[in-house]
Amino acid sequence: MCGIVGIVGKSDVNLQLYDALTLLQHRGQDAAGIVTCDGDRLNQQKANGLVRDVFRARHMQRLTGNFGIGHVRYPTAGGSGPALAQPFYVNSPYGIAMAHNGNLTNKDQVMDEIYQQDLRHINTDSDSEALLNVFAHELLEQRKLQPKAEDIFTAMRAVHKRVRGGYACVALIVGYGVVAFRDPNGIRPLVYGKRETDKGTEYMVASESVALDVGGYTLVRDVAPGECIYIEVDGTVHSEQCAENPSLNPCIFEHVYFARPDSIMDGVSVHKARLRQGEHLAEKILRERPDHDIDVVIPIPDSSRSAGQMVAHRLGVKFREGMVKNRYIGRTFIMPGQKQRKKSVRQKLNPIELEFRGKNVLLVDDSIVRGTTCKQIIQMAREAGANKVYFASAAPAVKYPNVYGIDMPSATELVAHNRTTEEVCEEIGADWLIYQELEDLVESSAEGNSEIQEFDCAVFDGKYITGDVTEEYLESLHAARNDNAKSSKGNDSSL
């Protein structure tokens with residue numbers, strides 16, 4: 001998962017882009033980049049590292065221009081390096097930079113077409129660069145010296161026909177404006193907002209609404225699945241549906257883990273969705289263990305806090321903050337490589353002993369993926385003196401790889417793959433383990449927006465919304481992206 005932002009303003013947008021990226025930092029910690037346009041000149045700064053480390057005062061001074069785009073990167077393939085930092089850039093036509101969140105499921109086919117048919121060169125193995133080149137080629141095919149909105153929309157219709165997967169993108173066309181678009185299934189999130197200034201109206205598109213809030217922008221709406229929005233440098237806004245059969249199927253794991261609780265995505269409040277997750281989870285606990293002996297509910301910070309509060313409320317037991325989080329350690333889930341994840345858990349969390357000693361503790365987490373984090377946390381709880389340690393997951397068992405941009409590519413690395421709940425419980429060292437029901441998870445999010453007919457729940461049920469994910473594809477993904485492959489090479493990333 002990555003974070004993207006695009007702004008068309010009435011004055012320099014460098015500081016706005018910087019602020020937006022800091023608010024989206026939770027979506028990617030590997031690299032960051034900003035591209036701005038000043039007249040007919042592009043200004044760029046990108047590198048590996050956190051936003052605060054990539055951009056210094058000297059960089060901000062040269063990132064002049066009234067419109068620009070930004071990106072924070074999270075590598076699905078474990079590859080890292082300046083060449084993979086985004087936005088990517090091509091000089092023809094016009095000069096286009098692009099930032100991408102997602103993953104193309106037909107990347108190999110697209111790469112072949114770009115080389116053999118479009119006669120274009122790709123400098124990395126990144127499907128983000130491939131997507132940029134497909135868009136650039138289709139825009140070049142319009143053969144216009146000065147592109148109009150209808151040219152961009154025609155190009156976008158061709159893009160949707162050529163690529164498959166989950167993707168949300170912002171692109172900057174030198175001298176003309178910013179283009180934002182979303183995959184026809186709406187898997188990856190993208191929101192659109194505006195604000196009024198004394199110089200006129202300014203516009204922002206971003207992965208999450210929290211970026212709009214902090215910048216003083218009002219959320220207008222989500223970018224629709226398959227929709228393309230073109231914001232000209234003068235502030236003129238054009239939009240058109242460019243996909244043949246669009247359908248809103250957002251990734252439910254955004255509501256489980258990735259998104260900030262203060263964000264609204266596809267009309268759903270992430271915070272309220274997580275509260276409802278807690279309600280359903282507590283009801284299941286009461287069904288299965290009506291005579292439970294839980295003394296205290298302790299959330300694993302930060303994304304399980306909302307669900308944990310509601311679990312405690314419904315169970316009628318104490319809710320306590322028993323784990324202190326080191327704010328200077330990143331999110332362990334999105335750290336490449338198992339060794340780094342294991343090392344970071346104890347650096348990130350430390351138990352408050354008095355909340356554990358002699359108590360039967362229910363730990364609540366948003367999900368269990370590899371089992372690395374929860375296993376160590378359970379051990380820490382025991383070392384802090386807990387009498388019994390129960391574990392509750394606000395999401396169902398993660399059993400299948402994700403192919404749309406989340407780092408769950410290898411089924412063999414998922415602790416619940418081919419294991420029963422009892423076997424997972426034993427593996428992570430808990431006295432008792434309970435998972436959320438998938439139907440309850442879906443209901444928790446769907447209640448926020450009745451117009452969403454179906455969510456992408458592939459990591460839980462193995463049903464891939466794009467319909468093109470075969471066993472052969474999953475095997476190739478496993479070979480390229482399992483932890484052993486990541487440790488031996490760093491090659492590509494779509495995020």
Trace of the side chain to side chain donor-acceptor pair (under 3.5 Å) decision for Y404 with T466: CA-CA 10 Å; Y404 303 126; T466 53; 2.6 Å; yes
E443 (side chain) donor-acceptor with A446 (main chain) under 3.5 angstrom: no
Y74 and F258 aromatic ring geometry - parallel, tilted or perpendicular at 30°/60° bounds: tilted
CA sep, side-chain torsions, deciding dist, call: I96, L172, side chain to side chain contact (heavy atoms under 4.5 Å, CB included): CA-CA 6 Å; I96 304 173; L172 181 154; over 6 Å; no
Pair S263, R260: side-chain N/O donor-acceptor within cut-off below 3.5 Å: no
Y230 vs F153, ring-ring contact (aromatic ring centres under 6.0 Å, His included): CA-CA, chis, key distance, verdict: CA-CA 9 Å; Y230 172 42; F153 296 146; 7.2 Å; no
Interatomic distance, I452 atom CD1 to N249 atom CG [nearest 0.5 angstrom]: 9.0 Å
E196 side chain to T201 side chain, donor-acceptor N/O pair below 3.5 angstrom: yes
Lys/Arg N to Asp/Glu carboxylate O, K325 vs D302, below 4.0 Å: yes
Test: K10 and E202 ion pair at under 4.0 Å: no
Non-neighbouring partners of S450 that pass side-chain contact (heavy atoms from CB on, under 4.5 Å), sequence neighbours left out: none
D53 atom CG, over 12 foreign heavy atoms within 6.0 Å: yes
Salt-bridge contact E447-K272 (side-chain N to carboxylate O under 4.0 Å): no
Exam field: side chain Q241 to backbone P225, donor-acceptor pair closer than 3.5 Å: yes
Donor + acceptor pair across side chains of N185, D456 (<3.5 Å): no
side-chain contact (heavy atoms from CB on, under 4.5 Å) against Q61, all qualifying residues, sequence neighbours excluded: none
Modelled atom types, side-chain donor and acceptor of E208 and H26, under 3.5 Å: yes
Gap between atom CZ of R188 and atom SG of C251 - 0.5 Å precision: 4.5 Å
Whether S367 side chain and V369 backbone form a donor-acceptor pair below 3.5 Å: no
I4/Q86 under side chain to side chain contact (heavy atoms under 4.5 Å, CB included): CA gap, chis, key distance, verdict: CA-CA 10 Å; I4 61 174; Q86 294 188 39; over 6 Å; no
Check: Q436/S393 side-chain N/O donor and acceptor closer than 3.5 Å: no
Near-ring test F460/Y400, centroid separation under 6.0 angstrom: no
Electrostatic pair E138:R162 at N-O distance under 4.0 angstrom: yes
ring-ring contact (aromatic ring centres under 6.0 Å, His included) partners for Y192, two or more places apart: none
Under 3.5 Å, side-chain donor or acceptor atoms of residues 210-219 against the rest of the protein: list the pairs with distances, not counting sequence neighbours.
unit_1: Y217; atom_1: OH; unit_2: Q16; atom_2: OE1; d: 2.5

Rounded distance (nearest 0.5 Å) linking atom OG of S209 with atom CE of M265: 8.0 Å
Backbone N/O of A168 and side chain of R182: donor-acceptor pair under 3.5 Å: no
Worked check of side chain to side chain donor-acceptor pair (under 3.5 Å) between D38 and T64: CA-CA 6 Å; D38 192 354; T64 56; 2.8 Å; yes
N101 (side chain) donor-acceptor with C2 (main chain) under 3.5 angstrom: yes
Full working for side chain to side chain donor-acceptor pair (under 3.5 Å) between Y18 and H59: CA-CA 11 Å; Y18 177 91; H59 303 133; over 6 Å; no
D118 side chain to R120 backbone, donor-acceptor under 3.5 Å: no
Residues M111, K107; criterion side chain to side chain contact (heavy atoms under 4.5 Å, CB included); working and verdict: CA-CA 6 Å; M111 288 282 201; K107 185 192 80 169; 4.1 Å; yes
Test side chain to side chain contact (heavy atoms under 4.5 Å, CB included) applied to L84 and R73, step by step: CA-CA 9 Å; L84 293 172; R73 177 178 180 268; 3.6 Å; yes
Q109: partners by side-chain contact (heavy atoms from CB on, under 4.5 Å), with sequence neighbours left out: N106, E113, R164
Straight-line distance of L63 CG to D12 CG, nearest 0.5 Å: 9.5 Å
Side-chain ion pair, D366 and R305, N-O less than 4.0 Å: no
Polar contact flag, side-chain donor to acceptor under 3.5 angstrom, E232-H238: yes
E227 with R221: basic N within carboxylate O range, under 4.0 Å: yes
Reported CG-to-CD distance for the pair D112 and Q117, which is rounded to 0.5 angstrom: 9.0 Å
Exercise: do N43 and R62 side chains pair donor with acceptor under 3.5 Å: no
Pairwise distance OG(S444) to CZ(R276) - rounded to 0.5 angstrom: 6.5 Å
For N123, side-chain contact (heavy atoms from CB on, under 4.5 Å) partners two or more places apart: H121, E129
